[in-house]
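Here is the structure we will look at, set down as structure tokens.
Proteins get letters first, then strands, A, B, ... in listed order; numbering begins at 1 in each.
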Number of protein chains: 2
Amino acid sequence: MKKYPSTIRDVAVEANVSPGTVSKFVNGTQRFSSEVENRLRETIDRLGYRPNVVARSVATGKTRTIGVAILDIHNPHFTGIVKGANRVALQHDYSLLFVATGESQKNERQLLEMLSRRVDGLIVSSRMPDDALEWMRQSPKPSVCFGKLPDTSVPSVGAEGYRAAYLIAQHLVGLAHKRIAFLGFPGARWNAERIRGIHDCLASHGKSLSVFDVEQPSAHGGERACSRIMLVAERPDAVICYNDLIAIGFMKEAQALGFQLPKDISVVGMDNIPFGEYVHPALTTVDMQSERMGEVAMFKMLDCLAGHTDKGFAMLQPELVLRASTMRRN
Amino acid sequence: MKKYPSTIRDVAVEANVSPGTVSKFVNGTQRFSSEVENRLRETIDRLGYRPNVVARSVATGKTRTIGVAILDIHNPHFTGIVKGANRVALQHDYSLLFVATGESQKNERQLLEMLSRRVDGLIVSSRMPDDALEWMRQSPKPSVCFGKLPDTSVPSVGAEGYRAAYLIAQHLVGLAHKRIAFLGFPGARWNAERIRGIHDCLASHGKSLSVFDVEQPSAHGGERACSRIMLVAERPDAVICYNDLIAIGFMKEAQALGFQLPKDISVVGMDNIPFGEYVHPALTTVDMQSERMGEVAMFKMLDCLAGHTDKGFAMLQPELVLRASTMRRN
DNA sequence: ATGAAAGCGCTAACAC
DNA sequence: GTGTTAGCGCTTTCAT
């Protein structure tokens, strides 16, 4: 631990200029006589002066920090988002104030309020009981969300869940599947639109969809739901899972139950988390562009902060990722 | 977006008291006549006053924020750390300023310096070219690191890598393996100690160890290294990987190469990431207590901030997790 | 128990 | 170009 950090005033005194001058120099707000410039440069690194960003923040009202709230940092879909956001933030000299809202006894709303005070804007991925959304609209700080929102006053970015689901269903139908099931998580905001996508596609082929639920949108949740789906008379020959985590859990349990995958049942996930590639059979899924979503969200945020009132929804296109967990029926 | 947030002064005026009084009330620094107390309480929530934490920070010099720097947010070992740290931080009304150092063109040192200015302390998990360590020692803010450090002036927490490695080796020897290999990542700070652990154990049984390297400590790295290990005359009958990610990649590629696991080769990883359970065969590994590490690191940090100069190394005990990727030779 | 006043370190508007 | 002067919103002695 070293001596007390020097302030702008220390520099001013040492260099025989005024604090204001030092400030302007440090921020490149103005040009200087090379005389002063040199003196300043020299003093600054002799003293090892570094601006105090906190003090700067109270003076300017800007923190150059973006708050990022996500549910579960263990879900690679979310870490993808954070990764993308982090990258863009760094490029623009912003930092990320992070909170995993799933981890707290406090309610989400409270957490967001706390976060909000320390940042210039909020990027939020949450279950969002809609009152949080109302709160965001009221907030003086800009927010960006994920998924298509009921109203467009809060900008958001999402991959088109309906289309993603439709694509998967189409793929499965093309593979001649007869009985398709969806293993969803009712607590998730995009559950319904995914069901619609699948349903619409199946309906256009004269097929129906059976829907099952997990209790948790995790691998463990998928494991626990498996037997309910597999150990019945007319079991499905394909199951579409709400996300990859669920799919992976489901596959493990199905195999433990003695089923052969994809021979006995085709399984597909959604998100395209990196691990999908490493399970057996490799998981067919649809890429929901997690990392890109984080990037775009941060770009939108920077836009808001720049005053562009560009609001609105940015739609990313999902992409089918065909691997080995699906196969043609006959 | 709503009206301007009210300040401590607005409250003071409305309630006919001085700003100082409001401050003391808000911070519970003092007791008040119930008269004033009620007036204050009423005005505060009528105005919806919330303290400005940034201004408070410049006045107090404390931010109630801890910086967390990790390399790769996609590695579940690291997200485990963040998760643990986040939980403890939240419990103590601290926030996490997060940066993924692997994501930036800027060097780590610079990133840390930036972070450092906005937080009360730093929790750092990094490749750390040791100059970063020197920097931390010099820094006026407390830091805590992961792993046993060359000197003890910076507190740190780690799972005993030597012991973890020893345990694994012992397990493999007990399973009658003849030719054991280590697939390491030389860039990692704990590579050497893990090698030592394995080596010492093997040596005590009169066995030797062959060491291979990956280029990246990721699943992809493991995949790429696989053929170098497997496609040789006297291939090993067991490989210990530097981490689970590598192990998972290795297994996938080995299977793609036509090998049967664990019949042809036993594979073991380190970390115990949640996914290890879901690959096939389920990965035998050793739990390095990621989440607990994050928690303990944060506790140590809080201790430092409380002035307890408790420094030193906290050692977590690794635990063998036996699954299906290893089997007895004969 | 309450108020007055002096900062915290920095920025920004204005003067010279 | 450079200096002066107010703040930013809050905390914290020190009086009263």
Would you indicate what [X] reaches in the nucleic acid, counting non-hydrogen atoms under 4.0 angstrom: base, sugar-phosphate, or nothing?
X	answer
B:D10	nothing
B:V26	nothing
B:V58	base
A:F25	nothing
A:V36	sugar-phosphate
B:S23	base
B:R31	sugar-phosphate

Presence of salt bridge, B:R39 and B:E42, under 4.0 angstrom: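 No salt bridge links B:E42 with B:R39.
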Counting side-chain heavy atoms from C-beta on, which of [options] comes nearest to [X]?
X	options	result
A:K24	C:dG3, C:dC10, C:dA13	C:dA13
B:I8	D:dG3, C:dT11, D:dC10	D:dC10
A:N52	C:dG9, D:dT12, C:dT2	C:dG9
A:S33	C:dT11, D:dT11, D:dG1	D:dG1
B:A59	D:dG1, C:dG7, C:dC10	C:dG7

Quick one: is [N] close enough that its OP1 or OP2 comes under 4.0 Å of any side-chain N or O from [X]?
X	N	value
B:R9	D:dC8	yes
A:N27	C:dT11	yes
A:R56	C:dT11	yes
A:S18	D:dT4	no
B:T7	D:dG9	no
A:T21	D:dT2	no

I need the B:D45 CG to B:T43 OG1 distance, nearest 0.5 Å.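 Reported to 0.5 Å precision, the distance equals 8.5 Å.
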Could you give the distance from CD (B:Q110) to CH2 (B:W135), rounded to the nearest 0.5 Å? 11.5 Å
Are any non-hydrogen side-chain atoms of A:S95 and B:V99 less than 4.5 angstrom apart?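 Not touching, per the 4.5 Å side-chain cut-off.
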Between B:S57 (side chain only) and B:V53 (backbone N and O only), is there a donor and an acceptor less than 3.5 Å apart? yes
